[in-house]
Structures are given as C-alpha cells and as structure tokens.
Amino acid sequence: MNWDFLDVFDILTDVLDLLGNTSTSSESSCEQKALVKKKTKYLTEKISAVLLLFSIVLLFFVFKNPLPAENYIQTLMVGLLIGVVISLVFFFILYLLERYYFENVFQWIFFSGSAVLFCISLVFCIYFKSGIFV
C-alpha cells in the first residue's frame with residue numbers, strides 16, 4: 001500500500017474537523033451566525049463614514065490656507081493621481097484577502113468613494129503640510 005503525502009493531510013484535516021465540531025445542534029450555529037451578522041450589520045457604512053469624516057478634516061486643514069500658486073493645477077493632478085493609485089492598491093489588497101465584497105451597490109460606491117477621497121486627502125496633507133515638497 002503506497003502512502004501519498006497528501007493523504008496524510010487529508011486524514012489530519014478530517015480528524016481536526018471531527019475534533020473542532022463541538023456543536024451538535026444546527027439551531028445554535030444559526031443563532032451564532034445571526035449574532036455575528038447583527039454585530040456587523042452596518043460595519044461597511046460605519047467604516048465609510050469614518051473615512052469620509054477623516055478626509056473632510058484633512059482637506060479642511062489643507063485648503064484653509066491658500067496653496068502655492070506655482071504649478072497649482074499640475075500639483076493637484078499629481079496628488080489626485082497618487083491618491084487614486086494608492087487607493088487602487090488598497091482595493092487590490094482587500095480583494096486578495098477576500099474582504100472586498102458588498103451586499104449592494106450603495107455599499108460598494110460609498111466605501112470606494114470614501115476610501116479614494118481619504119487617500120487623496122492624505123496625500124494632499126502630506127504633500128502640502130510637510131514642507132518637504134513645497
């Protein structure tokens with residue numbers, strides 16, 4: 001009888017599944033799922049609102065004083081592009097971690113828009129308030 005290396009892992013996972021499955025009733029697992037869903041019902045909207053609030057505060061700090069007049073449009077376009085690229089990398093990482101899914105289109109647009117705006121405002125805040133680039 002030849003033992004395959006993957007058969008050992010198959011047996012180990014079966015044993016772990018048997019040991020890990022302590023709940024005998026399906027009602028308790030349904031109740032646990034409902035409790036978890038109730039806790040995270042509006043998690044996406046809360047995260048989006050916090051990101052939107054932080055971005056508004058950061059944009060207020062950036063634009064309360066007049067910006068330098070030299071290459072004003074070019075500076076804003078570069079900051080916008082850098083912020084969009086950072087947010088796209090953030091979305092790709094969330095997708096790879098299987099956390100970029102939404103129940104409806106409103107959640108997707110609200111989260112994506114607030115994340116993009118937060119990245120752009122963070123880039124502007126770093127760019128204009130640090131004094132390194134100006």
Side-chain angles (χ1 to χ4, degrees):
M1 180 171 145
N2 292 332
W3 279 90
D4 189 15
F5 182 67
L6 297 176
D7 286 339
V8 174
F9 283 121
D10 187 35
I11 293 170
L12 285 175
T13 56
D14 289 340
V15 169
L16 289 175
D17 285 340
L18 287 174
L19 294 175
N21 194 3
T22 58
S23 66
T24 57
S25 98
S26 63
E27 293 176 5
S28 64
S29 64
C30 290
E31 290 173 2
Q32 290 174 351
K33 288 180 183 178
L35 182 64
V36 169
K37 186 170 182 162
K38 190 175 184 180
K39 284 183 180 178
T40 61
K41 186 174 182 181
Y42 296 110
L43 182 66
T44 307
E45 286 87 355
K46 290 177 185 175
I47 292 172
S48 302
V50 167
L51 286 176
L52 195 62
L53 181 68
F54 284 160
S55 63
I56 289 171
V57 169
L58 288 175
L59 286 175
F60 174 74
F61 285 132
V62 168
F63 290 117
K64 72 177 180 180
N65 296 329
L67 298 176
E70 185 177 313
N71 296 330
Y72 180 71
I73 300 296
Q74 182 181 0
T75 304
L76 288 178
M77 292 304 289
V78 168
L80 283 170
L81 286 174
I82 291 172
V84 168
V85 167
I86 290 172
S87 64
L88 289 176
V89 169
F90 173 66
F91 296 147
F92 183 69
I93 290 170
L94 285 177
Y95 175 75
L96 289 179
L97 295 175
E98 297 177 357
R99 298 290 184 201
Y100 194 69
Y101 58 89
F102 303 97
E103 293 177 5
N104 55 28
V105 175
F106 173 73
Q107 285 183 344
W108 173 60
I109 291 174
F110 189 41
F111 178 77
S112 299
S114 61
V116 168
L117 188 62
F118 177 72
C119 289
I120 290 171
S121 63
L122 192 65
V123 166
F124 281 159
C125 188
I126 291 170
Y127 186 81
F128 288 116
K129 294 301 177 184
S130 67
I132 297 172
F133 304 106
V134 179

What distance do [X] atom [atom1] and [Y] atom [atom2] have between them, rounded to the nearest 0.5 Å?
| X | Y | atom1 | atom2 | answer |
| --- | --- | --- | --- | --- |
| L81 | I120 | CG | CD1 | 9.0 Å |
| F128 | L76 | CZ | CG | 5.5 Å |
| F110 | I47 | CZ | CD1 | 11.0 Å |
| F60 | C125 | CZ | SG | 12.5 Å |
| L97 | F92 | CG | CZ | 10.0 Å |
| S87 | L94 | OG | CG | 11.0 Å |

Does any part of the side chain of Y101, heavy atoms only, come nearer than 4.5 Å to the side chain of R99, both counted from C-beta? yes

4.5 Å side-chain heavy-atom contact, K129 and L58: no

Taking a hydrophobic cluster as the set of Ile, Leu, Val, Met, Phe, Trp and Tyr residues connected by side-chain heavy atoms closer than 4.5 Å, whether directly or through intermediates, do L59 and M77 fall within one such cluster? yes

Do the two ring centres, one from Y100 and one from F102, sit under 6.0 Å apart? yes

Donor-acceptor pair, S121 side chain versus F118 backbone, under 3.5 Å? yes

Quick check on Y95: does its OH atom have over 12 non-hydrogen neighbours (other residues, nucleotides or ligands) under 6.0 Å away? no

Intermediate values then yes/no, side chain to side chain contact (heavy atoms under 4.5 Å, CB included), T75 and Y127: CA-CA 9 Å; T75 304; Y127 186 81; 3.1 Å; yes

